[in-house]
Amino acid sequence: MKRKQIFIMTLAVIATVTSTTTYIPAVDASTSSYRQAKTSLHLRQGASLEQPSLTVIPTGIYVTELSKVGTWSKVQYGTKIGYASTKYLLTDEQIGGKRIGHTLIANKNLALRATYAPGENQQARAAFEKMRVAAKKEGITLVAFSTYRSYAYQKTLFDKYVARDGYEKASTYSAEPGKSEHQTGLAFDIGGADSTKYATFSFSKTKEAKWLFANAHRYGFHLRYPSGKESWTGYTYESWHYRYVGATLAARLKVSGLTMEEYFHLAPWKPVKVSTP
Ligand code: DAL
Ligand code: ZN
């Protein structure tokens with residue numbers, strides 16, 4: 001090979017290498033730090049209250065913390081990078097449960113901290129409203145009769161059920177405080193036109209329950225405690241309990257027919273019995 005040819009090839013290699021450095025590297029999920037907005041807060045251009053707001057980060061949304069500057073965190077929120085006050089950004093440790101990507105899991109094995117109190121999730125509420133309006137056009141009435149429940153409120157509920165039915169029985173239909181998905185603000189108990197059927201087995205036979213089963217995933221809602229999956233979820237069938245996971249994950253869960261425990265390879269509530277010879 002002639003020297004001139006080698007020189008041109010070398011230039012080509014350098015050009016290729018340098019051109020790749022112009023890409024903004026994707027945030028590496030394995031090393032980045034997720035933080036959840038404790039309240040709605042401004043994403044600012046710089047690390048000071050005087051800096052202009054780029055956008056508002058809603059409560060319960062996950063951002064990626066890139067670095068810290070004093071009491072401020074440099075964060076990525078979607079495609080935007082800016083600064084947010086660190087004290088309003090919760091760590092996984094402060095939340096409890098288990099986070100997989102931007103999805104927070106709470107179940108019988110994964111308890112939330114008593115202090116985690118995000119309120120009703122605004123994205124989940126907006127998705128529910130969209131679904132409610134769409135259903136109404138088809139003659140279906142949907143009512144969210146129980147959404148966010150604080151740790152303290154869940155404790156009063158669970159204690160009441162234990163007093164009535166005993167611990168064993170109560171645990172099949174009610175979560176111990178810290179273990180309720182309602183504490184995430186993402187769970188919506190949905191009923192229809194007949195309020196006497198709220199949170200009862202009879203709801204599963206209604207046209208509203210059937211509509212939800214067929215359509216809820218299109219609005220980002222997942223049937224969290226299906227029939228036949230009791231050993232995974234730890235709860236009896238709840239045709240009314242829907243968990244907001246966003247439309248992408250909801251569609252994947254719907255197609256798979258899996259619970260969140262199965263889909264994310266989490267431990268089942270009861271280990272599946274394997275027969276021994
Ligand atoms: N009924 C569901 C399991 C709860 O109490 O969160
Ligand atoms: Zn529920």
Original post:
Say you draw a straight line from CZ of R125 to OH of Y244; how long is it, rounded to the nearest 0.5 Å?
Top reply: 13.0 Å

Subject >> E261 and P268, any side-chain heavy atoms less than 4.5 Å apart >> reply: no

Subject >> Within-4.5 Å side-chain heavy-atom neighbours: I100 and L266 >> reply: yes

Original post:
Is there a path from L43 to V63 through hydrophobic residues (I, L, V, M, F, W, Y) whose side chains come within less than 4.5 Å of each other?
Top reply: yes

**OP:** Give a yes or no on this: more than 12 heavy atoms of other residues, nucleotides or ligands lie within 6.0 Å of atom CD of E138.
**Re:** yes

**OP:** Say whether F145 and L212 are linked into one hydrophobic cluster, either directly or through other cluster members, by side-chain heavy-atom distances under 4.5 angstrom.
**Re:** yes

Subject >> Taking every non-hydrogen atom, the tightest pair across R218 and A247 >> reply: O-CB, 4.2 Å

Original post:
Short question: side chain of R113, backbone of E93 - any donor-acceptor pair under 3.5 Å?
Top reply: yes

**OP:** Give the ring-plane orientation class for H241 versus Y225, where under 30° counts as parallel, over 60° as perpendicular and anything between as tilted.
**Re:** tilted

Original post:
With a cut-off of under 6.0 Å to the ring centre and 45° to the axis, is K108 in cation-pi contact with Y235?
Top reply: yes

Original post:
Looking only at side chains, do Q36 and Y116 share a donor and an acceptor under 3.5 Å apart?
Top reply: yes

Original post:
Closest approach of W72 and A84, non-hydrogen atoms and distance?
Top reply: CE3-C, 3.4 Å

Original post:
How far apart are the closest heavy atoms of S171 and F158, and which atoms are they?
Top reply: OG-CZ, 3.8 Å

**OP:** For side-chain contact (heavy atoms from CB on, under 4.5 Å), just list the numbers for K229 and E262, CA-CA rounded to whole Å, side-chain angles, deciding distance to a tenth of an Å, and then say yes or no.
**Re:** CA-CA 10 Å; K229 301 279 186 173; E262 293 167 282; 3.1 Å; yes

Subject >> hydrophobic_cluster_shared for I140 and F188, side chain cutoff 4.5 Å >> reply: yes

Subject >> Pairwise distance CE(M260) to CG(L110) - rounded to 0.5 angstrom >> reply: 11.0 Å

Original post:
Do any N or O atoms from the side chain of S180 and from the backbone of P177 form a donor-acceptor pair under 3.5 angstrom?
Top reply: no

Subject >> Any donor-acceptor N or O pair under 3.5 Å, side chains T172, T236 >> reply: no

**OP:** Kindly compute the distance separating OG1 (T200) from CH2 (W240), expressed to the nearest 0.5 Å.
**Re:** 6.5 Å

Original post:
With a 4.0 Å cut-off, would you call E208 and K197 a salt bridge?
Top reply: no

Original post:
Does the side-chain contact (heavy atoms from CB on, under 4.5 Å) test come out yes or no for R35 and Y88, once each step is laid out?
Top reply: CA-CA 9 Å; R35 297 283 182 271; Y88 298 121; over 6 Å; no

Original post:
Is there a side-chain contact between F264 and L253, using heavy atoms and a 4.5 Å cut-off?
Top reply: no

Subject >> With sequence neighbours excluded, residues passing side-chain hydrogen bond (donor to acceptor under 3.5 Å, both in side chains) with S146 >> reply: R149

Original post:
Would you say the side-chain atoms of S256 pair up with the backbone N or O of R252, donor to acceptor, closer than 3.5 Å?
Top reply: yes

Original post:
Is the closest side-chain heavy-atom distance between L249 and H222 below 4.5 Å?
Top reply: no

Original post:
Side chains of T59 and Q122: closer than 4.5 Å at any heavy-atom pair?
Top reply: yes

**OP:** Return the minimal non-hydrogen interatomic distance between A135 and L142, and the atom names on each side.
**Re:** CB-CD1, 3.7 Å

**OP:** Taking Q154 for its side chain and Y151 for its backbone only, find out whether a donor-acceptor pair lies under 3.5 Å.
**Re:** no

Subject >> K254, NZ atom: more than 12 neighbouring heavy atoms under 6.0 Å >> reply: yes

Original post:
After noting the C-alpha distance and the side-chain angles of I190 and R132, does the key distance pass the side-chain contact (heavy atoms from CB on, under 4.5 Å) rule?
Top reply: CA-CA 10 Å; I190 308 171; R132 192 184 59 76; over 6 Å; no

Subject >> Heavy-atom closest pair, residues L54 and G82 >> reply: CD1-CA, 4.1 Å

**OP:** Treat each ILVMFWY residue as a node, draw an edge where side-chain heavy atoms are under 4.5 Å apart, and state whether F128 and F203 are in one component.
**Re:** yes

Original post:
What distance separates L90 CG from K38 NZ, expressed to the nearest 0.5 Å?
Top reply: 6.0 Å

**OP:** Using distance alone, with no hydrogens and no angle criterion, decide if T184 and E181 have a side-chain donor and acceptor under 3.5 Å apart.
**Re:** no

Original post:
Same cluster for V75 and L41 if Ile/Leu/Val/Met/Phe/Trp/Tyr side chains link at under 4.5 Å?
Top reply: yes

**OP:** With rounding to the nearest 0.5 Å, note down the distance linking OG in S239 to CG in D189.
**Re:** 10.0 Å

Subject >> Nearest non-hydrogen partners of F221 and M131, listed with the distance >> reply: CD1-CE, 3.9 Å

Subject >> CA sep, side-chain torsions, deciding dist, call: L104, Y62, side-chain contact (heavy atoms from CB on, under 4.5 Å) >> reply: CA-CA 10 Å; L104 177 61; Y62 281 104; 3.8 Å; yes

Original post:
Is the closest side-chain heavy-atom distance between F201 and Y237 below 4.5 Å?
Top reply: yes

Original post:
Is the closest side-chain donor-acceptor distance between Y167 and E176 under 3.5 Å?
Top reply: yes

Original post:
Any side-chain heavy atom of E230 within less than 4.5 Å of one from W269?
Top reply: no

Original post:
What's the spacing between R44 CZ and I57 CD1 if we round to 0.5 Å?
Top reply: 10.5 Å

**OP:** Please check if any side-chain donor atom of T141 sits under 3.5 Å from a side-chain acceptor atom of K136, or the reverse.
**Re:** yes

Subject >> Side chain to side chain, Y242 and L223, heavy atoms closer than 4.5 Å >> reply: yes

Original post:
Taking the side chain from S231 and the backbone from K270, do they hold a donor-acceptor pair closer than 3.5 Å?
Top reply: no

